[in-house]
Amino acid sequence: MAQDTNLSRGAMVYEMVREWIALGQLRPGERLSEEELARRTGVSRTPVREALKRLEAEGFVQVIPYRGVVVAEPSVDELADLCVVRDVLEALAARLAAQSATDMELAAFEELAQEFEEAVAREDIPAMVESNHRFHEAIWSASRNRVLAQQLRQLRDRIFSHQTTTFTLPDRRKAAVAEHRAILEALKDRDPDRAAEAARRHFQLAEAARLNLRQRQQ
């Protein structure tokens, strides 16, 4: 029973630390103290240690000699590799969603696309990020493949946590409006090939902008 409790607490700490990394509250290169994380999450160091092992296995943190556990910072090449995998999986999610989305889900896609467009009109970057995430998460859900959705969430969090959002670029957010519309129309037409291609194109353009931002920062 005690072991199960530690495992469940470890899962809780994992989710919390992963979210802090994804939101940028823990920055690349920042050292993670087991003692401090235990204090912040209200648990002992044992579940914190378990959570850090899982985060290391998934690439969110790394162990550096003489420094300990730090938030991972992938190289430009590693980031490019993550983006290539994401492109393929996002295209697959859109393809599956075009085949299985309900009318209610299609209506939800429309509402989320409009929310994003309204955020762009207001130049509200946090709202753009939030509505963009919700739009794509809705497509993952409509794919009816939980493993795919899990992998996409992990990829998104790893990529996003190490990069300023591309919506800081006015041209990129305007382009995203049109790209979302292209995905949405293909989904409404229940055209799997078009949906997959529109999603792939959307993420390739977004990630090209993301890599350029990363290279300029370096």
Problem - Heavy-atom check, side chain of Glu137 versus side chain of Arg156, under 4.5 Å - result: yes
Completion exercise
OG (Ser8) and CD (Glu50) are apart, to the nearest 0.5 Å, by 11.5 Å
Practice task
Flag yes if more than 12 heavy atoms outside Arg146 fall under 6.0 Å of its CZ atom; otherwise flag no.
Solution key: no
Handout entry: CD/Glu30: more than 12 non-hydrogen atoms of other groups inside 6.0 Å
Key = yes
Handout entry: Step-by-step salt bridge (Lys or Arg N to Asp or Glu O under 4.0 Å) determination, Glu36 to Arg39
Key = CA-CA 5 Å; Glu36 175 61 19; Arg39 185 193 64 77; 2.5 Å; yes
Exercise for the section: Verify, without hydrogens or angle tests, whether Ser131 (side chain) and Leu112 (backbone) share a donor-acceptor contact under 3.5 angstrom. Expected result: no
Problem - Ring-ring centroid check Phe60 Tyr14, cutoff 6.0 Å - result: no
Problem - Contact check, side chains of Glu123 and Arg173, non-hydrogen atoms, under 4.5 Å - result: yes
Practice task
Output yes when a side-chain donor or acceptor of Arg144 lies under 3.5 Å from a complementary backbone atom of Ser141, and no otherwise.
Solution key: yes
Practice task
Check the pair Glu117 / Arg181 against salt bridge (Lys or Arg N to Asp or Glu O under 4.0 Å), numbers first and verdict last.
Solution key: CA-CA 10 Å; Glu117 291 166 15; Arg181 279 287 156 191; 2.8 Å; yes
Exercise for the section: Check for a donor-acceptor pair, side chain of Arg190 on one end and backbone N or O of Ala101 on the other, with a separation under 3.5 Å. Expected result: yes
Exercise for the section: Starting from the C-alpha separation in whole Å, work towards a yes-or-no answer on side-chain contact (heavy atoms from CB on, under 4.5 Å) for Ile139 and Glu105. Expected result: CA-CA 9 Å; Ile139 294 173; Glu105 285 172 323; over 6 Å; no
Exercise for the section: Step by step, work out the side-chain contact (heavy atoms from CB on, under 4.5 Å) result for Glu115 and Arg134. Expected result: CA-CA 10 Å; Glu115 283 182 17; Arg134 290 174 61 207; 2.8 Å; yes
Handout entry: Co-membership, hydrophobic cluster, residues Leu92 and Val88, 4.5 Å side-chain
Key = no
Problem - Transitive ILVMFWY side-chain link Phe116 to Ile183, under 4.5 Å - result: no
Completion exercise
Besides Tyr66, the hydrophobic cluster formed by Ile, Leu, Val, Met, Phe, Trp and Tyr side chains linked at under 4.5 Å, directly or via other members, contains none
Problem - Ile159 CD1 to Glu78 CD distance, which is reported to the nearest 0.5 Å - result: 12.0 Å
Practice task
Using atom types as modelled and distance alone, determine if a side-chain donor or acceptor of Glu197 lies under 3.5 Å from a backbone N or O of Arg194.
Solution key: no
Problem - Contact check, side chains of Gln62 and Val69, non-hydrogen atoms, under 4.5 Å - result: no
Exercise for the section: Please determine if Glu110 and Lys188 form a salt bridge, counting it only when a charged side-chain N lies under 4.0 Å from a carboxylate O. Expected result: yes
Practice task
Spell out, yes or no, whether Leu205 and Phe167 are grouped together once hydrophobic residues are joined by side-chain heavy atoms under 4.5 Å, including indirect joins.
Solution key: no
Exercise for the section: Count the heavy atoms of every other residue, nucleotide or ligand shown that sit under 6.0 Å from CZ of Arg49, and state whether that count exceeds 12. Expected result: yes
Exercise for the section: Would you give the length of the straight line joining atom CZ of Arg153 to atom NE2 of His133, rounded to the nearest 0.5 angstrom? Expected result: 10.5 Å
Completion exercise
Between Ala142 and Ser100, the two heavy atoms sitting closest are O-OG, 2.5 Å
Exercise for the section: Say whether Phe135 and Met128 are linked into one hydrophobic cluster, either directly or through other cluster members, by side-chain heavy-atom distances under 4.5 angstrom. Expected result: no
Exercise for the section: Report yes if some heavy atom in the side chain of Thr165 is under 4.5 Å from a heavy atom in the side chain of Asn132; otherwise report no. Expected result: no
Exercise for the section: For the pair Arg86 and Asp157, find out whether any cationic side-chain nitrogen is under 4.0 Å from an anionic carboxylate oxygen. Expected result: no
Exercise for the section: Applying side-chain contact (heavy atoms from CB on, under 4.5 Å), run through Arg172 and Glu179 and close with a yes or a no. Expected result: CA-CA 10 Å; Arg172 180 61 220 143; Glu179 292 158 20; 2.4 Å; yes
Handout entry: Approximate separation, where rounding is to 0.5 Å, of Leu26 CG and Trp20 CH2
Key = 7.0 Å
Exercise for the section: Report yes if some heavy atom in the side chain of Val85 is under 4.5 Å from a heavy atom in the side chain of Gln151; otherwise report no. Expected result: no
Practice task
Please check if the distance between the ring centroids of His136 and Phe203 is under 6.0 Å.
Solution key: yes
Exercise for the section: Check whether any side-chain heavy atom of Gln150 sits under 4.5 Å from a side-chain heavy atom of Gln154, and report yes or no. Expected result: no
Problem - Nearest heavy atoms of Ala199 and Ala94, plus distance in Å - result: CB-CB, 3.7 Å
Exercise for the section: Run the numbers on Leu32 and Val48 for side-chain contact (heavy atoms from CB on, under 4.5 Å), then give the verdict. Expected result: CA-CA 10 Å; Leu32 302 179; Val48 169; over 6 Å; no
Practice task
Grab the two heavy atoms, one from Gly10 and one from Ala51, that are nearest each other, plus how far apart they are.
Solution key: O-CB, 3.5 Å
Fill in the blank from the handout: Closest heavy-atom pair, Thr166 versus Ala206, reported as atoms and distance to 0.1 Å, is CG2-O, 3.7 Å
Problem - N/O donor-acceptor pair under 3.5 Å between Ser143 side chain and Trp140 backbone - result: yes
Handout entry: Connected via hydrophobic side-chain network under 4.5 Å: Met12 and Leu52
Key = yes
Practice task
Over all heavy atoms of both residues, which pair between Leu37 and Val17 is shortest? Give the atoms and the distance, please.
Solution key: CD2-CG2, 4.1 Å
Handout entry: pair His202-His180: side-chain heavy atoms closer than 4.5 Å
Key = yes
Completion exercise
Value for CZ (Arg200) from CD (Glu90), rounded to nearest 0.5 Å, stands at 11.0 Å
Practice task
Using a 4.5 Å cut-off on heavy atoms from C-beta on, say whether the side chain of Leu55 contacts that of Arg18.
Solution key: yes
Practice task
Find the distance between CD (Gln25) and CD (Glu19) and round it off to the nearest 0.5 Å.
Solution key: 7.0 Å
Handout entry: Donor-acceptor contact below 3.5 Å, side chain Arg31 vs main chain Arg67
Key = yes
Problem - Heavy atoms of other groups near Glu56 CD, more than 12 under 6.0 Å - result: yes
Exercise for the section: Can you see which heavy atom on Pro126 is nearest to which on Asp124, and at what distance? Expected result: CD-OD1, 3.2 Å
